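Just below is one structure, and these are the notes that go with it.
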Amino acid sequence: MKNNDYILEVKNLCTSFVSDKKEIRIVKDVSFNVKRATTLAVVGESGCGKSVTMNSIMRFTGKTSRVTADYIKYNARKNDSINEYRLENIKNPNCREMRALRGPEMSMVFQDPMSSLNPVYKVGDQVAEGLIEHTGMSKKEAREKVLEMFRKLGIPDPEKRIDCYPHQFSGGMKQRVVISIAMICNPELIICDEPTTALDVTIQAQIMELLKSLQINEGKSIILITHNMGLVAEQADEVCVMYMGRVVEFGSREDIFDHTSHPYTRALLKSVPVLDMKDGERLATIPGITPNPAQLKEGCEFADRCPDCKEQCRKGTIPMFEISAGHKVRCLEYNTFPEVK
């Protein structure tokens with residue numbers, strides 16, 4: 001596949017935070033590519049580095065962080081040509097180049113819509129702000145664009161709702177407003193950080209259907225951060241499994257679900273409820289808890305929770321193995337596991 005077919009390329013991304021004069025590495029040598037007009041799901045338990053990885057790319061990690069990478073390339077396609085942006089060279093997160101990329105090229109939908117919206121400003125003004133900032137559009141023109149976006153995203157009676165405040169919207173409608181903010185400048189890449197966590201199942205399905213339609217009908221590329229493997233099965237084209245700041249398995253949806261090769265991925269899949277569970281049958285759980293990043297030892301980070309751990313798993317840094325085209329796994333014992341049926 002040509003590099004032009006990737007909208008985002010990340011190689012050996014590392015993110016550390018300074019705490020009590022000690023530097024703690026949270027994200028470790030993360031590498032992945034995002035194909036154009038596809039959905040990449042990034043999955044794992046809470047605290048495994050999913051959000052920090054994406055915030056590092058967007059430069060939202062704050063002053064106490066240190067972000068390094070071999071490269072973070074964003075490939076913008078304009079008028080059939082490719083403009084390459086090397087984000088690892090951008091040291092100031094608020095510089096003109098980074099601000100020009102956020103919104104028009106890449107945007108983020110955050111987990112909690114209530115904390116993403118300012119309660120004292122009308123929702124229409126909040127959506128229009130980015131449009132006015134990046135395009136120089138007048139307030140009147142921006143208002144028409146916001147109304148158009150509200151109609152596209154299924155917000156009822158947009159002429160009235162555009163002048164409402166966030167507290168006047170339901171959770172699902174708030175999330176649609178947040179998606180409007182992310183979409184208003186027509187970016188090519190949308191990062192969704194668990195966008196349905198606070199929503200009920202019905203609204204969750206509506207939001208995910210909306211995001212999938214944006215990807216299919218408008219050619220948007222989506223990175224979906226989630227721990228919901230059901231959503232991954234429905235939405236993802238490719239899947240990146242993370243544990244304690246490392247990518248432990250990467251592949252197509254079929255690779256991850258039908259040819260699972262890492263014990264952690266297998267444990268995640270076994271913990272998903274299924275319809276044919278017998279009465280009294282208990283849902284499988286992953287033993288133990290995620291360790292403290294500051295106290296990790298060498299070897300595989302999953303070793304203490306892995307039922308198949310061997311002595312060699314606790315030595316050195318475990319490399320990534322490519323077991324088939326595009327399917328990679330960070331496990332010394334990957335070829336000893338039977339396929340999941």
Side-chain angles (χ1 to χ4, degrees), residues 39 41-62 65 93-94 99 102-103 106-134 142-143 145-185 187 189-214 220 222-228 230-232 235:
T39 297
V42 182
V43 303
E45 295 169 286
S46 296
C48 285
K50 308 184 298 297
S51 297
V52 174
T53 298
M54 298 308 151
N55 283 324
S56 299
I57 293 170
M58 294 289 289
R59 291 297 191 270
F60 287 149
T61 50
S65 67
N94 294 314
R99 289 172 65 87
R102 294 195 202 108
M106 51 199 299
S107 62
M108 197 161 184
V109 178
F110 295 97
Q111 181 172 355
D112 182 6
M114 195 61 241
S115 63
S116 302
L117 297 172
N118 192 319
V120 302
Y121 288 100
K122 296 176 181 178
V123 295
D125 293 337
Q126 296 186 58
V127 178
E129 182 179 7
L131 202 58
I132 295 170
E133 170 71 20
H134 290 291
R143 183 181 177 89
K145 285 289 186 181
V146 173
L147 287 171
E148 182 181 331
M149 180 61 67
F150 278 10
R151 295 187 190 101
K152 179 187 293 187
L153 298 186
I155 296 178
D157 197 7
E159 289 79 8
K160 179 181 178 180
R161 304 308 295 273
I162 193 173
D163 292 316
C164 290
Y165 291 89
H167 72 272
Q168 295 174 287
F169 282 72
S170 66
M173 287 298 111
K174 287 192 189 81
Q175 193 61 287
R176 289 173 192 262
V177 172
V178 172
I179 294 173
S180 296
I181 294 174
M183 284 293 302
I184 195 63
C185 293
L189 174 64
I190 308 170
I191 301 173
C192 301
D193 189 354
E194 302 197 30
T196 61
T197 298
L199 306 178
D200 62 56
V201 176
T202 303
I203 302 302
Q204 173 180 285
Q206 293 176 3
I207 295 297
M208 295 314 302
E209 183 179 353
L210 172 62
L211 291 172
K212 193 65 176 179
S213 71
L214 292 173
K220 304 301 182 186
I222 295 175
I223 299 177
L224 176 64
I225 303 173
T226 184
H227 55 259
N228 187 330
L231 284 183
V232 175
Q235 300 286 329

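Predicted model only: the values in this text are computed from it and were never measured.
In plain terms, the two heavy atoms of Pro166 and Met114 that are nearest each other are CB-CE, 3.9 Å. The shortest heavy-atom contact between His134 and Cys185 is CD2-SG, 4.0 Å. When all heavy atoms of Leu231 and Met208 are compared, the closest pair comes out as CD2-CG, 3.6 Å. Across all non-hydrogen atoms, the minimal contact from Phe169 to Tyr165 is CD1-O, 3.4 Å. Minimum interatomic distance between Ser107 and Pro187 (heavy atoms only, all atoms of both residues): OG-CG, 3.4 Å. Taking every heavy atom of both residues into account, Asn228 and Thr226 meet most closely at N-OG1, 2.9 Å.
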Inset, instruction - Starting from the C-alpha separation in whole Å, work towards a yes-or-no answer on side-chain contact (heavy atoms from CB on, under 4.5 Å) for Glu194 and Asp112. - result: CA-CA 8 Å; Glu194 302 197 30; Asp112 182 6; over 6 Å; no
Inset, instruction - Assess whether side-chain contact (heavy atoms from CB on, under 4.5 Å) is satisfied between Leu131 and Glu133, documenting all intermediate values. - result: CA-CA 5 Å; Leu131 202 58; Glu133 170 71 20; over 6 Å; no
Inset, instruction - Assess whether side-chain contact (heavy atoms from CB on, under 4.5 Å) is satisfied between Ile162 and Val123, documenting all intermediate values. - result: CA-CA 6 Å; Ile162 193 173; Val123 295; 5.6 Å; no
Inset, instruction - Apply the test salt bridge (Lys or Arg N to Asp or Glu O under 4.0 Å) to residues Lys50 and Glu45: give CA-CA distance (whole Å), side-chain angles for both, the deciding distance (0.1 Å), then the verdict. - result: CA-CA 9 Å; Lys50 308 184 298 297; Glu45 295 169 286; over 6 Å; no
Inset, instruction - List the steps, then state whether side-chain contact (heavy atoms from CB on, under 4.5 Å) holds for Phe110 with Met108. - result: CA-CA 6 Å; Phe110 295 97; Met108 197 161 184; 3.8 Å; yes
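In this structure, Leu117 and Val177 have side chains that are in contact, with non-hydrogen atoms separated by less than 4.5 Å. Put simply, the side chain of Pro119 does not reach to within 4.5 Å of the side chain of His167, judged on heavy atoms. The closest side-chain heavy-atom distance from Pro158 to Arg151 is below 4.5 Å. Within the 4.5 Å cutoff, the side chain of Met54 has no heavy atoms near those of the Asp193 side chain. Counting heavy atoms from C-beta on, the side chains of Ile225 and Pro195 never come closer than 4.5 Å. Between Pro93 and Arg102 there is a side-chain heavy-atom pair separated by less than 4.5 Å. Side-chain contact between Thr39 and Ile223 is absent, with no heavy atoms from C-beta onward closer than 4.5 Å. For the pair Ile222 and Cys192, the minimum side-chain heavy-atom distance is below 4.5 Å.
Between atom OG of residue Ser65 and atom CZ of residue Arg59 there is a gap of 8.5 Å, rounded to the nearest 0.5 Å. With rounding to the nearest 0.5 Å, the separation of NZ in Lys152 from OG in Ser213 is 9.0 Å. To the nearest 0.5 Å, atoms CG (Leu153) and CE (Met173) are separated by 9.5 Å. The structure places CE of Met183 at 8.5 Å from CG of Leu210, a figure rounded to the nearest 0.5 Å. Here the straight-line distance linking atom CD1 of Ile184 with atom CD of Glu129 works out to 12.5 Å at 0.5 Å rounding. Within the model, atoms CD1 of Ile190 and CG of Leu224 stand 11.5 Å from one another, a figure rounded to the nearest 0.5 Å.
Counting non-hydrogen atoms of neighbouring residues, nucleotides and ligands closer than 6.0 angstrom, the CD atom of Glu209 reaches no more than 12 such neighbours. Around the NZ atom of Lys174, the shell of radius 6.0 Å holds more than 12 heavy atoms that belong to other residues, nucleotides or ligands.
A donor atom on one side chain and an acceptor atom on the other are not found under 3.5 Å apart for Asn55 and Thr61. With 3.5 Å as the limit, one finds a donor-acceptor pair spanning the side chains of Gln206 and Arg176.
Side-chain atoms of Lys212 come within 3.5 Å of backbone atoms of Gln235 as a donor-acceptor pair (strictly under, hydrogens ignored).
Relative to the ring axis of Phe150, Arg161 does not place its NZ or CZ within 45° and under 6.0 Å from the centre.
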